[in-house]
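Report on the structure given below.
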Amino acid sequence: MRKISNRKIAETIANSPSLEWNGLQEILNEIELETLERNLTNTCFIAGFFNSNRVENTKEISYVLEKQFGLNKMAIDWCLQLVSNFQEYRENIMENYLQSHHDYDSVNLLEFSNGATLPKSIVVRVDRDEQKFGITDINCTIKKRESYTDGIGEIEIIGEVCHRKLKNSSILFIIVYNNENQVIAYDTETSIADKKGTEIIKRRLQFPIDEDISAIYLKPALDPWANG
């Protein structure tokens, strides 16, 4: 296995918009980590240090890694650096995406009636990833839907994904960010087949209704379930 820097590992992981276990394993397989680094990276994931909220308390991280996972000081220091680098890259990536793709103010569902269409300018697409996964176009409309749970807002995304023939099946991440660049809802159920064609987007997402929406981020990625 080749030696990869802590910062490079963090950067690669940070580029995935919403991490789940299978998706993380796919990333780690691609960069071919050494066993120790892979195990430590997985430990950070299991401990919840790659979630959408910034972890500020390094003493708390150190305590969890020592008491719950039995890591020594050298391993803990490596994990602390990984988490710090991950958070730095994730914040920079999201800030750059949002600045480069739109300049629309955040919106709040409380300002819209049920059935109203949200502005398209809050949709963020990543040209580089669309080209990588053969996406030729994404058309979608976002509507506010009635929620039957107090304090919870609901949106529906309806549209289609047009794509070329792919080497592997992929999925479309739909991720809702608030105005602090935190993930408040996401969906991974829109599959993109490896054959050339058009896939239908019809998904509903829920989140606290008083959250401001700064972006709804669409990102194709390799389907870890279909591709092992």
Side-chain angles (χ1 to χ4, degrees), residues 9-33 38 41-42 44-46 48 50-53 86 89-90 93-94 96-98 100-102 118 120 122-143 145 154-178 181-207 213-228:
I9 297 169
E11 180 183 13
T12 305
I13 297 172
N15 271 290
S16 181
S18 184
L19 282 173
E20 294 184 354
W21 178 258
N22 288 341
L24 177 62
Q25 302 317 302
E26 182 69 30
I27 292 171
L28 300 183
N29 287 340
E30 289 182 359
I31 59 179
E32 299 181 339
L33 284 185
R38 184 185 187 111
T41 302
N42 283 332
C44 290
F45 174 86
I46 295 170
F50 295 148
N51 62 26
S52 60
N53 297 318
F86 169 82
Y89 277 116
R90 173 57 65 84
I93 288 168
M94 283 312 306
N96 290 337
Y97 280 156
L98 297 178
S100 62
H101 286 80
H102 71 90
L118 276 61
K120 286 185 176 292
I122 63 171
V123 175
V124 178
R125 295 170 55 185
V126 185
D127 293 340
R128 179 188 62 185
D129 292 329
E130 290 188 15
Q131 293 172 6
K132 177 180 178 181
F133 287 93
I135 305 299
T136 56
D137 198 13
I138 300 177
N139 295 307
C140 67
T141 299
I142 304 166
K143 292 184 176 292
R145 295 306 188 195
E154 182 168 321
I155 59 172
E156 183 175 29
I157 301 177
I158 305 168
E160 59 183 21
V161 182
C162 304
H163 61 90
R164 299 188 298 272
K165 181 179 179 180
L166 309 173
K167 292 182 178 180
N168 301 101
S169 300
S170 57
I171 57 177
L172 184 70
F173 280 95
I174 304 172
I175 309 136
V176 183
Y177 286 90
N178 64 14
N181 290 343
Q182 296 174 328
V183 176
I184 57 175
Y186 75 95
D187 181 273
T188 61
E189 296 300 318
T190 301
S191 299
I192 304 174
D194 53 4
K195 296 181 180 180
K196 179 181 179 181
T198 300
E199 316 297 340
I200 300 300
I201 306 171
K202 190 174 177 61
R203 304 301 307 164
R204 291 197 177 203
L205 293 90
Q206 295 183 327
F207 46 85
I213 305 170
S214 67
I216 298 176
Y217 176 64
L218 306 179
K219 177 181 170 63
L222 191 66
D223 186 345
W225 298 275
N227 299 290

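The distance from the CD1 atom of Ile122 to the CD1 atom of Ile216 is 4.0 Å, given to the nearest 0.5 Å. Atom CD1 of Ile213 is separated from atom OH of Tyr177 by 14.0 Å, given to the nearest 0.5 angstrom. Atom CG of Asp137 is separated from atom CD of Glu130 by 8.0 Å, given to the nearest 0.5 angstrom. Here Tyr186 contributes atom OH and Ile175 contributes atom CD1; the two are 9.5 Å apart, rounded to the nearest 0.5 Å. Atom CG of Leu172 is separated from atom OG1 of Thr188 by 10.0 Å, given to the nearest 0.5 angstrom. Remark: Asn139 CG to Ile201 CD1 distance equals 8.5 Å, nearest 0.5 Å.
Among residues two or more places apart in sequence or in another chain, the side chain to side chain donor-acceptor pair (under 3.5 Å) test is passed with Gln131 by none. Arg203 is linked by a salt bridge (charged side-chain N to carboxylate O under 4.0 Å, His left out) to Asp187, counting only residues two or more places apart in sequence or in another chain. Lys132 pairs by the side chain to side chain donor-acceptor pair (under 3.5 Å) definition with nothing, not counting sequence neighbours.
A heavy-atom distance below 4.5 Å is not found between the side chains of Lys219 and Val124. Residues Glu189 and Ile171 fail the side-chain proximity criterion, which asks for heavy atoms closer than 4.5 Å. With contacts defined as side-chain heavy-atom distances shorter than 4.5 Å, the pair Ile157/Val123 does not qualify.
At least one donor-acceptor pair under 3.5 Å links the side chain of Ser214 to the backbone N or O of Asn178.
Leu166 and Phe133 make their closest contact through CD2-O, 2.7 Å (heavy atoms, listed as atom of the first residue, atom of the second, distance). The minimum heavy-atom distance between Cys140 and Leu218, with the atom names listed, is SG-CD1, 4.1 Å. The two residues Ile138 and Arg125 have their closest heavy-atom pair at O-NH1, 3.3 Å. The minimum heavy-atom distance between Thr190 and Ile200, with the atom names listed, is CG2-O, 4.0 Å. Considering all non-hydrogen atoms of both residues, Leu205 and Ile174 come closest at CD2-O, 3.9 Å. Summarising the geometry of Thr12 relative to Ile31, their closest heavy-atom pair is CG2-CG2, 3.9 Å, with the distance given to 0.1 Å.
Listed by first then second residue, pairs satisfying salt bridge (Lys or Arg N to Asp or Glu O under 4.0 Å) with a partner in residues 154-165 read Arg145-Glu156, Glu154-Arg204, Glu156-Lys202, Glu156-Arg204, not counting sequence neighbours. For residues 192-201, no pair satisfies salt bridge (Lys or Arg N to Asp or Glu O under 4.0 Å), with sequence neighbours left out.
Classified by interplanar angle (parallel below 30°, tilted 30° to 60°, perpendicular above 60°), the ring pair Phe50/Phe86 is tilted.
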For Arg38 and Leu24, what are the C-alpha separation, side-chain angles and deciding distance, and is it a side-chain contact (heavy atoms from CB on, under 4.5 Å)? CA-CA 10 Å; Arg38 184 185 187 111; Leu24 177 62; over 6 Å; no
